Amino acid sequence: MHDPDERDALRPPEGKAEDTRSASDSLPLCPSAQPEMESSVVFGVVGGSVEEPRLAYLKEPQPVTDEILELSGPVKPTEVFRFAAPCAGSGCKHFDGADCSLAKRTVSMLPAAVNKIPPCRIRPRCRWWRQEGVAACMRCPVVVTENYRSTEEQRRVADPPVGKGGFLCHES
Ligand code: SF4
């Protein structure tokens, strides 16, 4: 028996239902975006421990503001928050012309981190979900966009790496 969030997650990615929305509203969202990207929102806060990060998903994604960015304190916002923004497509080094290669590597190289679908509000528009389905969501909670204490495995997934490792969307 699935809870409501899980039922949403298991639904096929939206198709025609989105045709009535504006073009920008239906663009897929990158779930490892940068705060300075246009229309970027905060949708999660990194919790857990350095060794085992766990994303806490916000009930409502928040627009990026200077006040929110300042909350990350001495570290970069991308080490503390997860941002979602319209996928840069061919403007991103992870885009292979059809798919997000970062999402592919995340699913193929990292083990599932949770056994329950996270309660994520951006799911209907998430590129990773649309492309990889539930498998991406089961690994998403351990993704830290810029993680300077990432494991060797995480660094290989994030290739090309950022700093000492991270899952940052790379705009060319
Ligand atoms: S991969 Fe799944 S849990 Fe992660 S942001 Fe996308 S929809 Fe949400």
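Sequential numbering from 1 along the given sequence is applied to the chain's residues. Note that ligands are numbered from 1 as they come in the structure, with each ligand's atoms numbered from 1 the same way. Source: prediction; values computed, not measured. Excluded from the calculations below are hydrogen atoms, water molecules and symmetry mates; all remaining heavy atoms, backbone and side chain alike, are included.
Note: R82 CZ to C30 SG = 8.5 Å, rounded to the nearest 0.5 Å. Here CD of E67 is found 12.0 Å from CD of Q62. Values are rounded to the nearest 0.5 Å.
Which parts of ligand 1 touch W129 is read off a 4.0 Å heavy-atom cut-off, strictly below it: atoms 7 (S). The contact set between ligand 1 and F43, taken as ligand atoms under 4.0 Å from a residue heavy atom, comprises 5 (S). Listed by number with element, the atoms of ligand 1 under 4.0 angstrom from any heavy atom of Y57 are 3 (S).
Of all protein heavy atoms, the one lying nearest to atom 6 (Fe) of ligand 1 is C126 SG, 2.3 Å. In this structure, atom 2 (Fe) of ligand 1 lies nearest to the protein heavy atom C137 SG, 2.4 Å.
Checking side-chain atoms of R125 against main-chain N and O of L27 turns up a donor-acceptor pair under 3.5 Å. Side chain of T145 to main chain of S32: no donor-acceptor pair is present (N/O by atom type, distance under 3.5 Å, no hydrogens or angles).
Under the salt bridge (Lys or Arg N to Asp or Glu O under 4.0 Å) criterion, E52 pairs with no residue at all, not counting sequence neighbours.
At least one N, O or S atom of C140 sits under 2.8 Å from atom 4 (Fe) of ligand 1. Atom 2 (Fe) of ligand 1 lies at 2.8 Å or more from every N, O or S atom belonging to C120.
At a heavy-atom distance under 4.0 Å, only side-chain atoms of I122, from C-beta outward, approach ligand 1. When heavy-atom distances to ligand 1 are checked against a 4.0 Å cut-off, P31 comes that close only through its side chain, counted from C-beta outward.
For the side-chain contact (heavy atoms from CB on, under 4.5 Å) criterion with V64, the lone passing option out of S39, P77, S40 is S40.
Among all heavy-atom pairs drawn from T106 and R139, the shortest one is O-CD, 3.3 Å.
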